[in-house]
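Below, all heavy atoms of this structure are taken into account, side chains as well, without hydrogens, waters or symmetry copies. We name chains A, B, ... by the order of the sequence lines, and we start the count at 1 in each one.
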There are 4 protein chains.
Amino acid sequence: MASIDRRQREKAQRRQQIQDAASSLILENGYYSTKIEDIAKKIDLTPGALYRHFKNKDELFASLLIDALENLSKKTQVISNDSNLNTEEKIIHYKNSLYETYQTHPLMVRCLIHIQFERVLSNIQTETALQLADVNRKIIDCMQVTFKEGISNGTFIKENPLVYLDMFWGLFTGLILWEEAKKDLNPKKDFLKNTLDKSFSIFLSGIKTEST
Amino acid sequence: MASIDRRQREKAQRRQQIQDAASSLILENGYYSTKIEDIAKKIDLTPGALYRHFKNKDELFASLLIDALENLSKKTQVISNDSNLNTEEKIIHYKNSLYETYQTHPLMVRCLIHIQFERVLSNIQTETALQLADVNRKIIDCMQVTFKEGISNGTFIKENPLVYLDMFWGLFTGLILWEEAKKDLNPKKDFLKNTLDKSFSIFLSGIKTEST
Amino acid sequence: MASIDRRQREKAQRRQQIQDAASSLILENGYYSTKIEDIAKKIDLTPGALYRHFKNKDELFASLLIDALENLSKKTQVISNDSNLNTEEKIIHYKNSLYETYQTHPLMVRCLIHIQFERVLSNIQTETALQLADVNRKIIDCMQVTFKEGISNGTFIKENPLVYLDMFWGLFTGLILWEEAKKDLNPKKDFLKNTLDKSFSIFLSGIKTEST
Amino acid sequence: MASIDRRQREKAQRRQQIQDAASSLILENGYYSTKIEDIAKKIDLTPGALYRHFKNKDELFASLLIDALENLSKKTQVISNDSNLNTEEKIIHYKNSLYETYQTHPLMVRCLIHIQFERVLSNIQTETALQLADVNRKIIDCMQVTFKEGISNGTFIKENPLVYLDMFWGLFTGLILWEEAKKDLNPKKDFLKNTLDKSFSIFLSGIKTEST
DNA sequence: CATGAATGAGAATTCATTCAT
DNA sequence: AATGAATGAATTCTCATTCAT
């Protein structure tokens with residue numbers, strides 16, 4: 001029995017190993033340049049072995065995305081329900097969670113963009129696609145509730161909460177993209193955290209009512 | 001002699017035709033799904049013929065990007081030097097120019113993102129790469145001057161002008177991405193203009209000094 | 001214009017060349033042992049070139065079958081409508097047509113069997129599948145009419161005409177299989193024609209009424 | 001000692017289990033779609049374990065065939081030597097034995113066809129190949145004797161007995177193929193027995209002399 | 001200039017078979 | 001005896017690019 005447990009643990013570890021290798025290679029060389037063989041080689045395996053863990057390349061890539069989003073989703077729920085935080089603090093915590101997730105799963109944004117722009121991941125099972133859509137929706141819903149809350153309790157200027165939500169996501173995604181691009185040119189320094197913090201502070205100061 | 005002129009004009013037209021076809025196909029199917037043969041077929045040409053006009057696929061794609069950026073660069077210069085506009089108005093004009101460029105060259109953002117994220121266009125000549133970097137820098141520089149100007153004339157809160165510039169670009173890029181993704185889900189309505197306007201208005205209200 | 005004609009002719013010739021190469025290789029080595037690369041090599045092409053003429057391997061193989069069956073279908077129609085032939089003669093002509101088709105398209109039976117037994121050709125377009133089903137049905141229908149005719153005009157013993165049709169086809173297919181198998185062991189002599197003729201003569205003598 | 005016996009019994013059972021699984025999967029999905037892993041999974045075994053019982057895939061498949069043919073061979077001998085049966089009855093009993101064998105070992109025909117048409121089982125040991133050829137020959141010989149007997153005792157029209165033998169086998173194999181193919185289209189009813197009986201009755205009535 | 005068939009260098013995926021545990 | 005992860009050799013298919021006509 002214990003050995004079954006160990007087997008499962010080893011299997012899960014191998015899966016994680018593959019995901020890590022894929023993740024780092026995508027990050028290094030980009031999505032389309034990352035070949036199954038490269039991933040395999042990175043962890044001293046043969047390409048065929050990967051197919052024991054993932055049905056195909058797209059499923060492997062989707063799994064990276066799902067893991068990142070699920071991680072983020074959990075954090076978002078906690079923040080949303082935390083009665084110790086006021087609305088403004090929640091938004092700041094959301095931003096920090098996004099940043100943390102990005103730090104540990106830098107692929108999140110990259111993958112999201114690819115899925116959005118390239119009709120990528122065409123070879124995934126319906127179940128996987130649903131899983132993706134589901135976790136995605138959960139995060140959005142959760143944040144939208146907070147923006148609505150802020151409007152009704154007078155923290156934020158009256159406006160369609162969707163505009164705030166869109167600006168929040170757009171700002172985050174765009175800054176990641178932008179700073180990553182700059183990092184390529186000058187890899188020594190990482191200005192992302194600083195720019196993110198300042199930008200979201202401007203964002204908040206732009207949507208808060210006078211009284212606050 | 002006149003016939004040489006005509007020939008050159010025809011050649012330029014052909015080039016434009018190819019760019020338009022490439023542009024619309026990339027927009028429709030994504031960057032990686034757009035095949036040389038598809039582009040050729042779209043304008044009743046053959047794959048081989050494209051190579052008379054562009055050295056290779058990457059050069060063709062780079063040319064799309066350069067054209068869009070040059071278009072934007074010109075507009076940006078004009079705004080920057082327009083003494084009838086105050087600083088805030090200039091920012092709004094920049095945003096509008098970006099939006100116009102995006103409307104006529106929707107690939108700009110898409111391409112920028114690809115170049116940033118995919119280390120795409122690896123197969124371009126040094127000259128082309130320099131051209132790209134150059135026009136890119138011109139735009140950035142121009143906008144940065146305006147943000148600096150706003151800080152020195154008291155319109156904007158004192159801050160590193162690069163933060164404003166980054167937020168400006170990040171916000172624009174991110175919103176394009178975000179709204180395009182949503183358009184896929186619900187293609188009926190296009191909320192981009194509205195969200196852009198409101199977001200940049202929030203942005204401005206967040207960076208302006210009390211007195212303004 | 002003439003050159004367009006020539007191009008089309010050349011293209012058709014190439015297509016035929018591929019079909020011939022595929023046909024002879026399948027015959028030699030069997031269906032599953034026949035690789036795209038072998039076919040290409042046989043006519044001094046590269047694998048990729050085949051895909052200009054056939055969407056994929058299954059489509060190529062299906063085309064062989066369709067060509068053979070269409071060939072047979074035409075002959076069958078002619079026989080069926082030939083008022084100079086009595087019913088018994090028509091059956092003999094059907095048999096001879098089948099044999100002729102088998103001689104020029106030996107794959108027909110082989111393919112039919114594979115399709116029947118192996119759920120092969122899973123990768124064909126709906127259109128191709130319909131084409132196959134259609135030509136198949138035409139042949140069967142045509143022959144069934146003749147058997148019905150024979151029963152109503154008193155040539156054949158009263159029986160479900162489908163039984164006669166099934167026996168006709170079964171006998172033909174089975175003998176091909178059987179004699180081919182024996183040819184492997186002793187390739188010098190070809191007994192098929194003789195065995196076919198005698199067997200169909202026994203078949204006819206078994207279904208004819210006394211009076212005939 | 002008894003435990004050695006038991007061990008051998010268990011081993012034989014395992015072997016049978018594997019054969020049954022293979023048999024039913026080949027029948028369901030076809031020869032080429034049946035993977036070692038599927039067979040193993042079906043009886044809660046692992047791929048590696050199968051190799052304790054069969055040297056390789058081809059040997060496993062050959063064993064199925066040999067078993068079926070040996071079963072048939074025994075029945076054929078009994079019929080051939082049964083002095084209570086006249087020649088015609090023997091032929092009918094052969095047909096029924098074939099049908100029974102087909103019912104319990106439906107692979108027989110399928111395998112035979114594959115071996116004949118696909119040069120399959122290329123990976124078997126000489127011994128296995130000889131075994132196959134041997135049991136095959138036994139059956140043929142046995143039936144040929146009966147046809148010869150029928151000719152000499154005046155039951156059948158004078159003809160090369162090989163023609164009768166070929167027609168007998170061809171008819172049986174062909175009908176199996178044909179009816180199985182039709183079963184795919186309309187799985188509700190099984191017309192095989194009826195068509196077989198009627199076809200062999202026509203066969204007999206075609207080869208019998210007037211006097212019988 | 002244009003053609004378009006052909007190339008050639010991959011890339012993903014499959015699977016019988018092996019082997020350390 | 002059994003496990004099952006891993007191998008490795010195929011095999012199908014793709015596509016930017018070239019080149020004889």
Practice item. Would you check if the side chain of B/Glu59 reaches a backbone N or O of B/Gln125 as a donor-acceptor pair within less than 3.5 Å? Key: yes
Check your understanding: Just by distance, do the side chain of B/Ser63 and the backbone of B/Leu60 share a donor-acceptor pair under 3.5 Å?
Key -> yes
Exercise for review: Taking only the side-chain nitrogens and oxygens of A/Asn123, find out if one of them lies under 4.0 Å from OP1 or OP2 of E/dA12.
Suggested key: no
Check your understanding: Quick one: which of B/Gln19, B/Gln17, B/Gln16, B/Arg14 gives a side-chain contact (heavy atoms from CB on, under 4.5 Å) with B/His53?
Key -> B/Arg14
Check your understanding: Does D/Ser33 use its side chain to pair, donor to acceptor, with the backbone of D/Asn29 at less than 3.5 Å?
Key -> yes
Review point. Any side-chain N or O of B/Thr46 under 4.0 Å from OP1/OP2 of E/dT3?
Key: yes
Exercise for review: State whether the side chain of A/Lys35 and the backbone N or O of A/Tyr32 hold a donor-acceptor pair below 3.5 Å, judged by distance alone.
Suggested key: yes
Check your understanding: To the nearest angstrom, how far is C/Leu50 atom CG from F/dT11 atom P?
Key -> 15 Å
Between protein and nucleic acid, restricted to nucleotides 18-21 of chain E and to nitrogen or oxygen atoms under 3.5 Å apart, what atom pairs and distances do you find?
none

Practice item. Measure the spacing between CD1 of A/Ile124 and NZ of A/Lys55 and express it to the nearest 0.5 Å. Key: 12.5 Å
**Study point:** Euclidean distance, atom CG of residue B/Asp58 to atom P of F/dC15 [Å, nearest integer]
**Key:** 15 Å
**Study point:** Dot-bracket encoding per residue of DNA chain F, Watson-Crick/G-U cut-off under 3.5 Å, | denoting interstrand
**Key:** .||||||||||||||||||||
Exercise for review: Could you tell me the separation between the CG atom of B/Asp44 and the C1' atom of E/dT3, rounded to a whole number of Å?
Suggested key: 13 Å
**Study point:** Whole angstrom value for the distance that separates P of F/dT14 from NZ of B/Lys57
**Key:** 15 Å
Exercise for review: Return yes if some donor-acceptor pair links the side-chain N/O of D/Asn56 with the main-chain N/O of D/Asn123 below 3.5 Å, else return no.
Suggested key: yes
Exercise for review: Give a yes or no on this: more than 12 heavy atoms of other residues, nucleotides or ligands lie within 6.0 Å of atom CD of A/Glu127.
Suggested key: no
Point to revise | side chain to side chain donor-acceptor pair (under 3.5 Å) contacts in which one or both residues fall within residues 36-50 of chain C, not counting sequence neighbours | key: C/Ser24-C/Lys42
**Study point:** A/Gln13 CD - F/dA5 C1' separation (whole Å)
**Key:** 14 Å
Practice item. Please state whether the phosphate of E/dA12, meaning OP1 or OP2, lies under 4.0 angstrom from any side-chain nitrogen or oxygen of A/Lys35. Key: no
Exercise for review: Would you indicate what C/Ile36 reaches in the nucleic acid, counting non-hydrogen atoms under 4.0 angstrom: base, sugar-phosphate, or nothing?
Suggested key: sugar-phosphate
Exercise for review: Taking only the side-chain nitrogens and oxygens of A/His53, find out if one of them lies under 4.0 Å from OP1 or OP2 of F/dA6.
Suggested key: yes
Point to revise | C/Leu45 or B/Lys11, whichever maps to the more 5' nucleotide of DNA chain E | key: B/Lys11
